[in-house]
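Note that the coordinates shown come from a computational prediction; the quantities given were computed from them, not determined experimentally.
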Amino acid sequence: NQKESRYQNDYLTRNKISIMTTNELHIAFKVVMDKNAAGVAFGGCPAFLPAEIDLFLNQAYIEVMNNKFTGTNTLKTPFEGSVKRIADLEKLIATDSAVAITLDNGTNVLRVSDFFNSAGAKHRMFFVQAVLNFNTNKSTVDLVDHETAKRFLKTYNNDPWINTPVATLENNNLLVFIDTHKMLTPYTIDITYVKYPVEIINTNGSTEITEVPEYVLYEVVNRAAAIALENIES
């Protein structure tokens with residue numbers, strides 16, 4: 001239609017786009033898929049509905065974020081492994097300060113419930129770091145595997161000396177193991193994490209995607225097109 005053609009012309013004629021909108025993401029997807037502006041199928045590809053394109057873009061968005069954080073990428077560079085990787089994700093890094101954390105009765109385990117969600121919605125995507133606040137002191141928290149964490153659990157025959165708290169993630173809970181003799185109440189925790197990106201929904205085509213650089217969005221578009229082609233072939 002006329003409106004989409006105008007957006008497409010704007011998109012194709014700009015030398016540089018500092019911020020992309022959801023409409024521009026849809027146009028980029030269609031261009032990569034070798035489709036025309038009106039969304040009519042040609043080249044053997046079906047005409048995807050806007051909601052279907054949103055689905056492919058969001059799936060690709062999460063996949064690209066996962067790959068950039070873990071290092072499952074061409075350069076094998078994980079989160080903060082290079083200046084570029086920092087720039088890729090820096091707007092998605094957030095810190096929640098003074099988060100409530102409670103001590104499980106009869107244990108040395110502090111617990112943050114519903115760690116990945118907030119009010120039933122996706123909130124924290126990846127744990128980055130944490131600082132435990134206890135009494136009037138602070139201490140960094142080391143994330144460890146469950147096998148290592150066993151050595152820090154207080155039991156009837158083990159009362160461990162813990163200089164630095166350690167933590168594990170389990171069933172949407174953050175469990176922090178502390179030395180209850182020297183780490184006293186009150187307890188809160190500051191959590192730094194990679195947050196979930198805002199979902200791409202094309203109900204308002206002028207919505208701007210500002211959480212990642214433009215070049216990352218091009219990666220998302222290319223991956224979304226690949227997912228769509230895999231869907232067609234299957």
Side-chain angles (χ1 to χ4, degrees), residues 59 61-73 75-198 211-212:
Q59 182 178 343
Y61 203 174
I62 296 299
E63 187 174 318
V64 169
M65 294 301 100
N66 273 275
N67 291 342
K68 289 184 178 298
F69 185 83
T70 61
T72 309
N73 48 66
L75 299 177
K76 306 298 181 186
T77 306
F79 173 66
E80 294 187 335
S82 68
V83 173
K84 179 183 181 300
R85 193 62 70 238
I86 293 171
D88 289 345
L89 300 176
E90 58 98 7
K91 287 187 178 180
L92 288 169
I93 307 304
T95 298
D96 293 340
S97 300
V99 176
I101 188 168
T102 57
L103 183 66
D104 289 351
N105 290 334
T107 73
N108 67 324
V109 179
L110 295 167
R111 181 184 301 268
V112 176
S113 301
D114 205 23
F115 178 81
F116 291 105
N117 303 324
S118 177
K122 293 178 180 177
H123 182 49
R124 304 183 184 105
M125 191 173 180
F126 298 115
F127 174 94
V128 175
Q129 67 178 27
V131 175
L132 180 66
N133 307 303
F134 57 94
N135 199 354
T136 58
N137 300 303
K138 292 179 179 288
S139 176
T140 57
V141 176
D142 296 331
L143 193 67
V144 299
D145 59 72
H146 282 72
E147 190 62 33
T148 302
K150 287 180 181 178
R151 302 200 301 267
F152 295 89
L153 179 63
K154 185 176 182 179
T155 63
Y156 78 96
N157 61 352
N158 180 46
D159 190 359
W161 175 80
I162 303 174
N163 187 45
T164 301
V166 300
T168 59
L169 287 166
E170 177 181 300
N171 193 26
N172 200 20
N173 292 285
L174 178 69
L175 307 179
V176 181
F177 299 79
I178 64 169
D179 189 328
T180 54
H181 297 287
K182 62 179 182 178
M183 300 175 187
L184 306 176
T185 59
Y187 303 112
T188 61
I189 190 168
D190 305 330
I191 302 171
T192 302
Y193 57 96
V194 178
K195 64 181 180 179
Y196 275 91
V198 173
E211 294 179 312
V212 294

Residue pairs passing the salt bridge (charged side-chain N to carboxylate O under 4.0 Å, His left out) test with at least one member in residues 149-167, sequence neighbours excluded, are Glu147-Lys150
Sorted by chain and residue number, the side-chain contact (heavy atoms from CB on, under 4.5 Å) partners of Thr192 (sequence neighbours excluded) come out as Ile93, Thr95, Val128, Gln129
With side-chain contact (heavy atoms from CB on, under 4.5 Å) as the test, would you mind laying out the steps for Ile162 and Asn108 before giving the verdict? CA-CA 10 Å; Ile162 303 174; Asn108 67 324; 3.8 Å; yes
message: Between Leu132 and Ile178, does the side-chain contact (heavy atoms from CB on, under 4.5 Å) criterion hold? Intermediate values first, please.
response: CA-CA 10 Å; Leu132 180 66; Ile178 64 169; 3.6 Å; yes
Sequence neighbours excluded, the answer for side-chain contact (heavy atoms from CB on, under 4.5 Å) partners of Asp104 is Thr107, Val109, Arg111
The side chain to side chain donor-acceptor pair (under 3.5 Å) partners of Asn135 (sequence neighbours excluded) come to none
In short, Ser113 meets Asn173 closest at the heavy-atom pair CA-OD1, 3.2 Å
Hits for side chain to side chain donor-acceptor pair (under 3.5 Å) against Asp145, two or more places apart or cross-chain, chain-then-number order -> Thr148
Closest non-hydrogen contact found for Asn163 with Met183 is O-CE, 3.7 Å
Hits for side-chain contact (heavy atoms from CB on, under 4.5 Å) against Ala167, two or more places apart or cross-chain, chain-then-number order -> Val141, Leu143, Leu174, Val176
Between the CD1 atom in Ile101 and the CD1 atom in Ile191, the distance rounded to the nearest 0.5 Å is 7.0 Å
- Query: Does Ser139 reach the side chain of Thr164, with side-chain heavy atoms less than 4.5 Å apart?
  - Reply: yes
Review point. Does the cation-pi check pass for Arg124 over Phe115, that is, NZ or CZ under 6.0 Å from the six-membered ring centre and within 45° of its axis?
Key: yes
Thr155 meets the side chain to side chain donor-acceptor pair (under 3.5 Å) criterion, sequence neighbours left out, with Asn157
Across all chains, not counting sequence neighbours, the salt bridge (charged side-chain N to carboxylate O under 4.0 Å, His left out) partners of Asp190 are Lys138
inquiry  = Between Leu110 and Thr102, is there a side-chain heavy-atom distance shorter than 4.5 Å?
reply    = no
CG of Asn67 to CD1 of Ile62, rounded to nearest 0.5 Å, is 11.5 Å
Sequence neighbours excluded, the answer for side-chain contact (heavy atoms from CB on, under 4.5 Å) partners of Glu211 is Tyr61, Leu92, Lys195, Pro197, Val198
Residues passing the side chain to side chain donor-acceptor pair (under 3.5 Å) test with Tyr193, sequence neighbours excluded, are Asp96, His123
All heavy atoms of Leu169 vs all of Phe116, minimum pair found to be CD1-CZ, 4.0 Å
So ring pair (Phe, Tyr, Trp, His ring centres under 6.0 Å) across residues 134-186, not counting sequence neighbours, yields none
**Request:** Step by step, work out the side-chain contact (heavy atoms from CB on, under 4.5 Å) result for Met65 and Val194.
**Result:** CA-CA 9 Å; Met65 294 301 100; Val194 178; over 6 Å; no
field: Any Val144 side-chain heavy atom under 4.5 Å of Thr168 side chain
entry: yes
Would you please test Thr188 and Asn133 for side-chain hydrogen bond (donor to acceptor under 3.5 Å, both in side chains) and show each step? CA-CA 5 Å; Thr188 61; Asn133 307 303; 3.0 Å; yes
Residues pairing under salt bridge (charged side-chain N to carboxylate O under 4.0 Å, His left out) where one sits in residues 161-178, two or more places apart or in two chains, turn out to be none
